[in-house]
Amino acid sequence: MSKQNMTNYDKLATQLDAVKHEVKQSLGQRDADYIRRVILAQRLCEWSGRILIMLGFIQPLLWVIGVLSLAIAKILDNMEIGHNVMHGQYDWMNDKHINSRRYEWDIACDGSSWNRVHNYEHHTYTNIIGKDRDFGYGLLRLSNDFRWRVKNLWQFATYIVLSVLFQWGVSYHEMAAERVFFGKKKENRKNTMTHSELKRRFFSKGARQLVKDYVLFPLLAGPLFLWVLAGNLIANLLRNLWTSTIIFCGHFTGDVQTFKQEECENETQGQWYYRQALGSSNIEGGNLFHVLTGHLSFQIEHHLFPDIPAKRYRDIAPKVKAIFQEHNIHYNTGSFARQYASVVQRILRFSLP
């Protein structure tokens, strides 16, 4: 896989395993208290937002504040709570609600489908072409590993549409919809669930989201139906744009590397860590920024340790960076503006032959 020798890989694995073990040994009440506080904050933002949206007829500024509050609630639910809980980061708490088996988030993608595909495929085969379907989501050409097609000329517009409809794009992608709906099969891909069950989950979860945001809550508002409908629509839009932008900045900056399947056969733990390092990007920012990203602003640490509570990534990032420096591994980090500009450049660069 690389020019490094096996001894370096072994040492890298030993050092990073030690970081993970240290965190696992120290997990306790403060971590449990943290996620419960975030859940409480999320609920307060959601309900205060829904109330303020309905009070918008008194003062339009209240409607604006309500929409922002609801959008923040949806972002927290997706990023800091749902994503991290469903990665099993809090399973050690043995809480009947805060665990990867039962948690269901507030987006169109069925939680169990995401768990089955993303948690296994993406985090096992990160950036291995032909194995990790998340690289470009089957829509965008982001490296020379893919043959150029005419449709790539307008892939920046495709990216914008994907960002606007991100929760639906994730839902469609996680069910491998090209295979389910159009019969596009891939060799050596095992089906762990029938197509009919995948379709049922896709339509069931999507319908619940549509009814909740665009029928139930607007109807409950009575004469304020349109105020609530518009508020929910914009809150979902803001959530979609934010989550897609953060995820793209963590996965598709210019420095992110891809790998061929033959390079990654019989990987050792150290080689797996090395691949995660080269396939991830961090984003610099303050505490609130990190919380709103679900700490995916520490995408490198997340790819190395996906089942460690994400709030701990801030603490271990300096240790990971020091280990990378010792092994001469690039620690890809930068400001939000710099990383996002790099993503845009990559999308545009590979839109051309």
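Values reported hereafter were calculated over all heavy atoms of this structure, with side chains retained and with hydrogens, waters and symmetry mates removed.
Other cluster members for Leu55: Trp47, Ile51, Leu52, Ile53, Met54, Phe57, Ile58, Leu61, Leu62, Trp63, Val64, Ile65, Val67, Leu68, Leu70, Leu216, Phe217, Leu220, Leu224, Trp227, Val228, Ile234, Leu238, joined by side-chain heavy-atom distances under 4.5 Å among Ile, Leu, Val, Met, Phe, Trp and Tyr. Hydrophobic side-chain contacts under 4.5 Å tie Leu44 into a cluster, directly or through other members, with Leu40.
In this model, no donor atom of one side chain and acceptor atom of the other lie less than 3.5 Å apart for Thr253 and Gln339. Defined by atom type and a distance below 3.5 Å, a donor-acceptor pair is missing between the side-chain atoms of Asn127 and Gln276. No hydrogens or angles considered: a donor-acceptor pair under 3.5 Å links the side chains of Asp17 and Tyr273. For the residue pair Arg239 / Asn236, a side-chain donor-acceptor distance below 3.5 Å is found, with atom types taken as modelled. At a cut-off of 3.5 Å, with distance as the only test, a side-chain donor of Thr258 or Asp145 sits close to an acceptor on the other residue. Between the side chains of Ser281 and Asn332, a donor-acceptor pair is found at a separation under 3.5 Å. No side-chain N or O of Asp134 forms a donor-acceptor pair with one of Tyr125 less than 3.5 Å apart.
Lys260 NZ: 12 or fewer foreign heavy atoms inside a 6.0 Å radius. Sparse packing is recorded around CZ of Arg43, with 12 or fewer heavy atoms of other residues, nucleotides or ligands lying under 6.0 Å away.
Side-chain rings of His303 and His122 approach one another, their centers coming within less than 6.0 Å. Aromatic ring centroids of Trp114 and His83 lie under 6.0 Å apart.
Of the inter-residue distances, the one linking Ile347 atom CD1 with Ile160 atom CD1 reads 7.5 Å to the nearest 0.5 angstrom. Rounded to the nearest 0.5 Å, atoms CH2 (Trp242) and CG (Asn240) are 14.0 Å apart. Distance CG/Leu76 to CD/Gln42: 6.5 Å, rounded to 0.5 Å. Thr333 contributes atom OG1, which lies 7.5 Å from atom CZ of Arg338 (distance to the nearest 0.5 angstrom). In this structure, the separation between CE on Met79 and CG on Leu296 is 5.0 Å, given to the nearest 0.5 Å. Between the CG atom of Leu165 and the OG atom of Ser244 there is a distance of 10.0 Å, given to the nearest 0.5 Å.
Looking at heavy atoms from C-beta onward, Val164 lies in side-chain contact with Leu237 at the 4.5 angstrom threshold. When side chains are defined from C-beta on, Leu229 counts as touching Tyr214, because their heavy atoms get closer than 4.5 Å. At a threshold of 4.5 Å between non-hydrogen side-chain atoms, the residues Lys24 and Trp92 do not count as touching. In this structure the side chain of Leu27 reaches within 4.5 angstrom of the side chain of Pro309, judged on heavy atoms. Ile35 places none of its side-chain heavy atoms less than 4.5 Å from the side chain of Asp95. Residues Leu140 and Phe252 fail the side-chain proximity criterion, which asks for heavy atoms closer than 4.5 Å. With contacts defined as side-chain heavy-atom distances shorter than 4.5 Å, the pair Phe166/Ile247 qualifies. Two residues are said to be in side-chain contact when any heavy atoms from C-beta on lie closer than 4.5 Å; Glu263 and Ile128 fail this criterion.
By the rule that hydrophobic residues join a cluster once side-chain heavy atoms approach within less than 4.5 Å of another member, Val344 and Phe350 end up as members of separate clusters. Hydrophobic clustering (ILVMFWY, side-chain heavy atoms < 4.5 Å, transitive): Leu142 and Leu348 are in one cluster. Hydrophobic clustering, with ILVMFWY side chains joined whenever heavy atoms are under 4.5 angstrom apart, groups Leu233 together with Val215. Cluster membership check: Tyr120 shares its hydrophobic cluster with Phe135, using side-chain heavy-atom separations under 4.5 Å among Ile, Leu, Val, Met, Phe, Trp and Tyr. Leu288 and Tyr313 fall within the same hydrophobic cluster, defined by Ile, Leu, Val, Met, Phe, Trp and Tyr side-chain heavy atoms under 4.5 Å apart, directly or through other members.
Contact detail for Gly270 and Leu12: the closest heavy-atom pair is O-CD2, 3.6 Å. Scanning all heavy atoms of the two residues, the minimum distance from Phe289 to Glu284 falls at CE2-O, 3.9 Å. In terms of heavy-atom proximity, Tyr331 sits nearest to Val320 at CE1-CG1, 4.0 Å. Here the closest heavy-atom approach between residue Glu80 and residue Val38 is recorded as CG-CG1, 3.9 Å. Between His330 and Phe324, the closest heavy-atom pair is O-CD2, 4.0 Å. When all heavy atoms are compared, the tightest approach of Phe336 to Cys249 is CE1-SG, 4.5 Å.
Identified under the side chain to side chain donor-acceptor pair (under 3.5 Å) test for residues 340-353, with sequence neighbours left out: Tyr159-Tyr340.
A salt bridge is defined here as a Lys NZ or Arg NE, NH1 or NH2 lying under 4.0 Å from an Asp or Glu carboxylate O, and Arg312 with Glu301 fails to meet this definition. Look at Asp213 and Lys74 and you find a salt bridge, because one of the NZ, NE, NH1 or NH2 atoms lies within 4.0 Å of a carboxylate O, short of that distance.
Among His295, His251, His123, the one residue that satisfies the ring pair (Phe, Tyr, Trp, His ring centres under 6.0 Å) test with His302 is His123.
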Exercise. Could you check Tyr172 against Tyr137 for side chain to side chain contact (heavy atoms under 4.5 Å, CB included), going step by step and ending with a plain yes or no?
Key: CA-CA 10 Å; Tyr172 186 86; Tyr137 297 106; over 6 Å; no

